[in-house]
Amino acid sequence: MLLRLPTSLSEARRCLAEGAVPVGGATLVWAQWQRDGFPEQAMSLRRLPEATVVDGETLGAAVLLHQIDDRVPEVLRRAAASIGTGAVRRTATVGGNIVGSTLRCLLPPALVLDARATVMDGDGTYEAELAEVVAKRPLMLGIRWRSPLVSAYRKAPGDVGGPPPLVVATAVHAEQDGGRRLFTAVRDGDDVVSGSVPATADPGRVLDALEGTALGRLPGETRDVVRREVTDILGRADG
């Protein structure tokens, strides 16, 4: 297998056109390749500047999970720190977790940050909704988001080999009209659902409004956890 390491977007597009298979840390595909056979060409973005950036509003797809630090919002940082073992975090990438993984631990944080993905195809780069990225699995270069006022992440304890543990991500954003908006995303089993409502001064009204979103269709026990997390983040936003 030939591993190609493009250093520019034009070179990366050429690799795609020539059939190179995008791969990050290969943590999700190595066993499959050993079983089914290796591709003739693979492509890593680890030398592509657009895919390795880490700052207050951008996270590249080739960034390793252990490289995610306090330059990014709390919700992303805590999510990355909770994924796998230290060895996994030193190998697995942002793009692999969001696009390649079925667990997608970074997806709820990205959703509450109101993030959009930068992706690339044979014609160039463009922005896409995260739902489109998860469904179509294009080559993702990174995500860009709005900086929140506050954010938080909760991951329930889970058993190795068991079902995916519950994840609740929350963030409060300032709006252009001077108001605030609450974003909440939940991974419940294999599904990720999200919703956003105005973050008014009355927590009870905010919680009632959330019941009218997709989050209101979650099981009762899960909704109880969501309500506690939302109450907590609203308190932090007011503090």
Side-chain angles (χ1 to χ4, degrees), residues 53-61 63 65-83 94-95 97-99 104-118 127-134 140-156 166-188 192-216 218 222-223 225-239:
V53 63
V54 184
D55 62 35
E57 295 181 344
T58 311
L59 189 60
V63 172
L65 299 183
H66 82 99
Q67 296 173 319
I68 299 175
D69 54 24
D70 59 7
R71 288 172 288 181
V72 307
E74 177 185 347
V75 65
L76 268 178
R77 183 172 69 252
R78 291 182 58 189
S82 75
I83 296 172
V94 171
N97 184 270
I98 293 178
V99 181
R104 301 190 297 273
C105 294
L106 296 182
L107 181 58
L111 289 170
V112 301
L113 293 177
D114 200 19
R116 291 178 62 84
T118 301
E127 282 199 348
E129 298 284 349
L130 289 172
E132 176 184 345
V133 172
V134 171
M140 190 177 82
L141 300 177
I143 57 174
R144 179 178 292 274
W145 58 82
R146 294 194 297 147
S147 295
L149 298 172
V150 290
S151 64
Y153 181 83
R154 182 185 188 277
K155 186 176 186 178
L166 175 68
V167 163
V168 180
T170 52
V172 176
H173 291 263
E175 298 283 80
Q176 290 184 347
D177 61 4
R180 299 181 306 179
R181 194 164 189 87
L182 168 75
F183 288 74
T184 307
V186 177
R187 185 188 70 193
D188 185 41
V192 175
V193 296
S194 61
S196 70
V197 296
T200 63
D202 184 348
R205 291 183 62 184
V206 176
L207 291 170
D208 288 344
L210 274 182
E211 289 292 314
T213 71
L215 298 167
L218 291 169
T222 301
R223 297 208 310 278
V225 176
V226 172
R227 292 173 73 89
R228 289 195 295 270
E229 291 299 302
V230 167
T231 301
D232 181 69
I233 197 72
L234 291 175
R236 288 178 54 192
D238 290 333

Residues D114 and R146: closest non-hydrogen pair is OD2-NE, 3.3 Å

For residues 193-202, the salt bridge (charged side-chain N to carboxylate O under 4.0 Å, His left out) pairs (sequence neighbours left out) are none

Q | Carboxylate-amine/guanidinium proximity below 4.0 Å for E175 and R180 | A | no

Could you go through the side-chain contact (heavy atoms from CB on, under 4.5 Å) check for L107 and V167 one step at a time? CA-CA 10 Å; L107 181 58; V167 163; over 6 Å; no

Contacts of T231 meeting side-chain contact (heavy atoms from CB on, under 4.5 Å) (sequence neighbours excluded), chain-then-number -> L207

So CG of N97 and CG of L106: to nearest 0.5 Å the spacing works out to 4.0 Å

Hits for ring pair (Phe, Tyr, Trp, His ring centres under 6.0 Å) against F183, two or more places apart or cross-chain, chain-then-number order -> H173

Heavy-atom nearest pair, A110 first then I143, reads CB-CD1, 4.2 Å

* To do: Decide, yes or no, whether a salt bridge links R223 with E211 under the criterion of side-chain N to carboxylate O below 4.0 Å.
  => yes

* Start with the C-alpha gap between V192 and V134, add the side-chain angles, then the distance that decides, and say whether side-chain contact (heavy atoms from CB on, under 4.5 Å) holds. => CA-CA 11 Å; V192 175; V134 171; over 6 Å; no

Between the CG atom in L113 and the CD atom in E57, the distance rounded to the nearest 0.5 Å is 10.5 Å

For G195 and L215, the nearest pair of non-hydrogen atoms, with its separation, is N-CD1, 4.0 Å

